[in-house]
Amino acid sequence: MNAFAYLQEVLTEKYDIKPEAIRPEATLEALGLDSLSVAELLFDVGDKFGIDVPDDRTDFKTLGEAAAIVDELIQAKRS
Amino acid sequence: MAGGRRRVFVSGLGLVSPHGSDPAAMFERLYAGESAIRKVRSGSAEFGNDVLMAQSELDPAGMIPKSQLFTMDRVSQMAVVAAYRALATAGLLADDRGPADAGIYMGCGLGGAQAIQDAYSTYYQRRSRKVKPTSVPLIMTNAPAAHISMRYGVLGPSLTYSIACASSAIAIGEAFRAVRDGYLDRALAGGTEAMLNDGSIVAWESLSVLAKEHPDGPAASSRPFAADRSGFVLGEGAAVLVLESEEALRRHDAQPLAEILGYGASSDAHNLTQPALGGQVRAMRSALADAAIEPAAIGYINAHATATPVGDKVEINAVKETFGAHAQRLAISATKSMHGHLVGAAGALELAITVLALQQRRLPPTANLTVPDPACDLDCVPCRGREAPGLEYALSNSFAFGGSNAALIVRRA
């Protein structure tokens with residue numbers, strides 16, 4: 001599972017966001033996620049993929065940007 | 001608001017209790033002497049235990065948005081659901097909003113017990129410093145009150161009283177004073193507790209205060225006032241009452257369920273876990289003075305009685321000292337025999353039961369009281385509920401570890 005697919009799953013299941021709203025260009029703010037929700041989301045992502053999203057990589061605005069950073073960290077962990 | 005004491009009424013009642021969420025149905029089950037205590041496997045396969053407990057069913061659907069559930073420990077979810085039901089029965093819920101002018105007074109002993117366990121499990125078992133970012137807001141003891149405020153748009157003070165087993169009795173007492181003395185027109189007052197997770201249970205087990213399973217079965221294991229009592233059974237749940245001034249009640253044409261008349265609180269200054277007669281007597285006398293009624297007016301006491309060998313006897317003696325000859329005429333029952341000990345929610349649930357007893361003029365029994373302790377020789381309403389024609393005033397006791405005592409007096413509306 002890639003990062004975006006997992007984000008889709010969590011945002012639908014846990015945050016109750018409509019699937020059609022979960023697009024790469026959607027900002028987390030527009031999806032109604034406050035800072036605590038974003039922190040929890042990153043925790044879940046880290047838990048799922050066994051990675052740690054460092055504080056200096058959390059300047060993303062959109063879901064696509066967040067997914068790209070997570071994919072990159074997953075790759076870095078594998079190599 | 002100008003001085004003078006105002007009358008304070010209970011206008012709404014919301015429950016998440018071991019006997020369900022409907023107050024009338026809960027009371028019927030209690031009246032029939034039905035225990036909600038079960039034996040449940042708790043903890044890991046490696047070192048778990050079969051534990052006696054009184055669990056509550058929690059279904060937040062329709063009352064808490066799904067997207068908010070991860071921000072609330074079970075203790076907060078139960079409080080928000082109980083508050084919903086309390087506001088709905090008071091007729092104070094419109095378009096999912098509650099009364100903006102109310103205050104919130106909640107009792108809670110431990111806070112987010114499951115979240116505490118989860119965080120420590122991550123730290124110790126997974127050997128990771130990465131615990132959930134929601135850990136602190138899930139754990140904090142004031143989270144239930146905060147969530148009630150946010151969920152229903154309540155703008156008055158949202159306060160949390162953490163006084164172990166007396167938490168919610170004191171929360172209700174303080175709310176009563178705030179409304180009576182004109183600081184607020186209405187308040188949501190009650191308590192919540194959810195510590196039936198194994199990490200909490202082992203701490204209680206170590207204290208050697210929990211009941212042993214009775215030969216008649218798990219449901220018969222909480223036996224206040226009985227010769228063979230062996231301790232208490234933990235329960236979980238939430239109870240929230242809506243308190244309103246007479247004027248506030250009239251403004252929305254609501255029917256009062258009961259009137260709160262008096263509140264007394266005291267400290268033993270004695271021992272962390274052992275109760276003291278003097279402190280309990282002072283709490284009850286203070287409540288009677290506050291209510292400005294004669295001791296002989298009280299027809300029913302919902303006892304704190306947790307079924308520990310020491311505690312029940314002290315309370316009986318405190319009632320004898322407070323009420324004198326009238327102690328032999330009043331009825332006193334311990335409903336913890338059926339719903340267990342809800343700790344921070346105990347006082348609120350028991351006051352709710354007391355309100356229902358006054359309304360229906362029927363007394364819930366002390367279940368399992370087949371062979372009374374000779375030292376508990378008052379009318380403890382053994383085993384079967386009983387009609388109480390003419391019942392006007394009742395008192396509910398709550399005594400906490402740490403030696404904090406509270407008594408509340410209610411009148412039939």
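Naming: A, B, ... by sequence-line order, numbering from 1 per chain.
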Return one line per donor-acceptor pair between chain A and chain B under 3.5 Å, naming both atoms and the distance rounded to 0.1 Å.
unit_1: Glu13(A); atom_1: O; unit_2: Lys66(B); atom_2: NZ; d: 3.1
unit_1: Glu40(A); atom_1: OE1; unit_2: Thr134(B); atom_2: OG1; d: 2.8
unit_1: Glu40(A); atom_1: OE2; unit_2: Lys132(B); atom_2: NZ; d: 3.1
unit_1: Asp47(A); atom_1: OD1; unit_2: Arg126(B); atom_2: NH2; d: 2.5
unit_1: Asp52(A); atom_1: OD1; unit_2: Lys130(B); atom_2: NZ; d: 3.3

- Which bit of Pro65(B) is near chain A, if near means a heavy-atom gap under 4.5 Å: side chain, backbone, both or neither?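 Neither part.
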
- Atom of Ala39(A), atom of Pro133(B) and distance for their closest heavy-atom approach: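 Shortest heavy-atom contact: O-CG, 3.3 Å.
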
